[in-house]
Enquirer: 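First, the structure itself, so that you have it in front of you.
The structure presented is a predicted model; accordingly, all values stated were derived computationally and were not measured. Values reported hereafter were calculated over all heavy atoms of this structure, with side chains retained and with hydrogens, waters and symmetry mates removed. By convention in this document, chain letters (A, B, ...) are assigned in the order of the sequence lines, proteins followed by strands, and residues within each chain are numbered from 1.
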Amino acid sequence: MAKTIQQINEKIKKGKAVIVTAEEIISIVEKKGLSKAAQEVDVVTTGTFGPMCSSSAYFNVGHTKPKTKIGGGIAYLNDVPAYTGLAAVDLYLGATALPDDDPRNKLYPGEFRYGGGHVIEDLVAGKDVQLRAEAYGTDCYPRKKLETLINLRDMNDAVLFNPRNSYQNYNVAVNLSDKMIYTYMGILKPNLKNANFCSAGQLSPLLNDPLYKTIGIGTKIFLGGGIGYVVWHGTQHNPNVKRGANDVPLSPAGTLAVMGDLKQMSAEWLKGVSFIGYGASMAVGIGIPIPILNEEICSYTAVKDEDIWAQVIDFGEAYPQAIPGSLGQVNYKQLKSGKITLMDREIPTGNISSYRKALEIANLLKNMISKGEFLLTEPVACIPGPDSGIKYKPLIERPTMI
Amino acid sequence: MISKRIVLHFPFGLVDQPILCQLVKEYDLTFNILKASITPRVEGILVLELSGKNSNYKQGIEYLKQIGIEIQSLSQDVVRDEEKCTDCGVCIPICPTNALLMDAKTNRVQFLNEKCVVCELCVKACPYQAMEVHF
């Protein structure tokens with residue numbers, strides 16, 4: 001019998017809902033069968049924790065006396081440039097922003113030890129951060145220079161806003177070249193000596209709802225240790241890719257745009273990261289509850305690592321040169337075993353995404369729902385599915401007018 | 001027999017002396033150099049595996065101390081900051097001696113100090129800056 005989100009919320013309020021993680025549901029379905037599992041289980045919690053470059057935050061820092069129009073001027077948070085093309089004291093900071101004097105890859109491979117993601121981590125850790133700003137001065141905002149310590153608690157608003165998070169599946173990165181390369185998928189040793197992947201696999205939110213039947217705009221989520229919402233589909237959302245018989249995409253597909261109150265979040269679930277030779281970024285923790293409305297949704301959440309396949313891509317040449325093609329496909333059970341076999345060779349694997357933390361998030365969310373602290377939401381609109389006509393496009397360059 | 005991985009700190013003035021040679025000649029010890037460097041202030045750091053008979057090993061170490069070399073055991077020098085580590089495991093395939101591995105039960109990365117040769121590849125590979133080497 002089908003359930004509604006409203007009915008599930010009633011059960012949560014009464015403390016009678018059955019909530020399990022996306023790992024636990026696998027054996028429940030195996031033991032009890034799909035029909036019984038779908039009847040008994042009300043919510044399946046998912047989780048993921050990994051570097052997600054398209055992450056950012058915006059702030060309203062409040063007005064100085066006399067007032068300063070930082071908007072249209074220049075601003076730095078701990079020497080990391082923030083975007084000022086907004087109103088007078090609104091600032092926008094991206095996770096991959098770097099201090100002007102960071103040598104980047106001039107000293108190859110660069111270390112990128114501190115960037116926008118690290119500023120966000122410091123802020124949520126409660127640390128003071130230096131704000132330095134230059135303004136051009138106006139009649140209503142006369143001040144031209146500002147240098148002060150600021151703290152998250154004193155800001156009027158601080159909002160985490162991530163245009164692309166929680167990738168539904170991701171490629172496995174290898175290096176066929178004879179040189180060590182430094183990528184956003186980590187250090188890749190020459191001649192196929194390691195393979196890096198990045199997904200929580202069977203725990204990952206969108207791999208448990210492959211056709212976006214429950215996760216939509218307005219879905220309430222665990223975000224960075226606080227509460228957040230899905231606000232749109234993410235950038236590069238690409239639902240129309242090849243899928244397995246279980247509807248799970250065989251390559252990177254859906255993504256989510258999410259946001260939430262940064263003041264609720266914690267440095268345990270938002271961490272600045274530094275990829276040698278590549279850049280700075282931020283690791284984000286996300287957990288999404290999936291209401292078990294019917295057997296179909298239940299069967300989706302019971303997906304196992306061995307049923308989720310990913311493509312192996314050569315980052316030595318194919319990826320940077322945008323040459324399509326996969327070297328083969330492997331599943332997450334193989335990837336998580338520590339080695340895969342590819343081109344008749346055994347290759348050790350490394351995950352960029354933390355399964356330990358993903359599981360902690362799924363369990364935290366499970367406990368929050370069990371205690372009635374977290375109710376499920378009905379999405380206000382769906383995110384585009386495979387039939388939406390959305391297709392990820394490359395940039396076709398055209399000569400500019402001289 | 002004894003075999004230990006140790007870090008030798010050579011003060012200024014000793015870096016140009018053939019000291020290791022004495023360990024072989026006088027104390028019948030064998031060594032395998034894992035890492036060697038001289039800092040800009042002309043102090044030397046040498047990481048090596050030193051092996052030999054217990055009594056010879058003791059006397060060899062005593063000799064090194066007497067001429068002014070500071071000795072530390074290697075295990076004190078490579079440190080994993082467990083607060084920073086997220087146990088993702090991206091360091092595991094990078095390690096040439098399999099000193100890092102995933103515990104499938106706890107989903108935590110294990111660091112086997114005794115296998116580490118201080119190549120520092122994991123220090124570079126860790127996005128969270130959780131691996132540190134202190135000499």
Enquirer: Is it the backbone or the side chain of C126(B) that comes under 4.5 Å from a heavy atom of chain A, or both, or neither?
Expert: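 Just its backbone gets close to chain A.
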Enquirer: Among P51(A), S353(A), A358(A), which residue forms the greatest number of heavy-atom pairs with chain B at distances under 4.5 Å?
Expert: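 The option with the most such pairs is S353(A).
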Enquirer: Considering only heavy atoms, which portion of M180(A) lies under 4.5 Å from any heavy atom of chain B: side chain, backbone, both, or neither?
Expert: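 Just its side chain gets close to chain B.
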Enquirer: Give the minimum heavy-atom separation between F112(A) and A280(A), together with the two atoms involved.
Expert: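 Scanning both residues completely, I find the closest heavy atoms to be CB-N, 3.8 Å.
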Enquirer: Given the options D87(B), I92(B), L101(B), which has more heavy-atom pairs under 4.5 Å with chain A than any of the others?
Expert: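 Max contact count across the listed options: D87(B).
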Enquirer: Does a side chain donor of either N175(A) or Y319(A) reach within less than 3.5 Å of an acceptor in the other side chain?
Expert: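 There is no such pair between these side chains.
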Enquirer: Which region of N351(A), side chain (C-beta onward) or backbone (N, CA, C, O), has a non-hydrogen atom less than 4.5 Å from a non-hydrogen atom of chain B, or is it both or neither?
Expert: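 Its backbone and side chain both get close to chain B.
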Enquirer: With no hydrogens and no angle check, do the side chains of H9(B) and Q72(B) hold a donor and an acceptor under 3.5 Å apart?
Expert: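 Yes - a donor-acceptor pair under 3.5 Å links their side chains.
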Enquirer: Would you please test Y27(B) and Y57(B) for ring-ring contact (aromatic ring centres under 6.0 Å, His included) and show each step?
Expert: CA-CA 7 Å; Y27(B) 302 98; Y57(B) 183 89; over 10 Å; no
Enquirer: Can you tell if the side chain of Y63(B) reaches within under 4.5 Å of the side chain of Q22(B), non-hydrogen atoms only?
Expert: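 A side-chain contact under 4.5 Å exists here.
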Enquirer: Looking only at the side chains, is there a donor atom on one of N165(A) and S55(A) sitting less than 3.5 Å from an acceptor on the other?
Expert: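 On atom types as modelled, these side chains qualify, holding a pair under 3.5 Å.
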Enquirer: Heavy-atom pairs under 4.5 Å with chain B - which of E268(A), R113(A), E111(A) has more of them than the others?
Expert: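 Option with the greatest count: R113(A).
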Enquirer: Count the heavy-atom pairs under 4.5 Å between each of I187(A), L188(A), N196(A) and chain B, then report the option with the highest count.
Expert: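 That would be I187(A).
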Enquirer: Please classify the contact between E360(A) and chain B as side chain, backbone, both or neither, with a heavy-atom cut-off of under 4.5 Å.
Expert: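 Side chain only.
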Enquirer: Taking atom CG of D103(B) as the centre, does the number of heavy atoms from other residues, nucleotides or ligands within less than 6.0 Å exceed 12?
Expert: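 Enclosed: over 12 neighbouring heavy atoms sit under 6.0 Å from CG of D103(B).
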Enquirer: Name the region of Y278(A), side chain, backbone, both or neither, that has any atom closer than 4.5 Å to a heavy atom of chain B.
Expert: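 Neither; nothing under 4.5 Å.
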Enquirer: What part of C122(B) gets within 4.5 angstrom of chain A, counting heavy atoms only: side chain, backbone, both, or neither?
Expert: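 Neither part.
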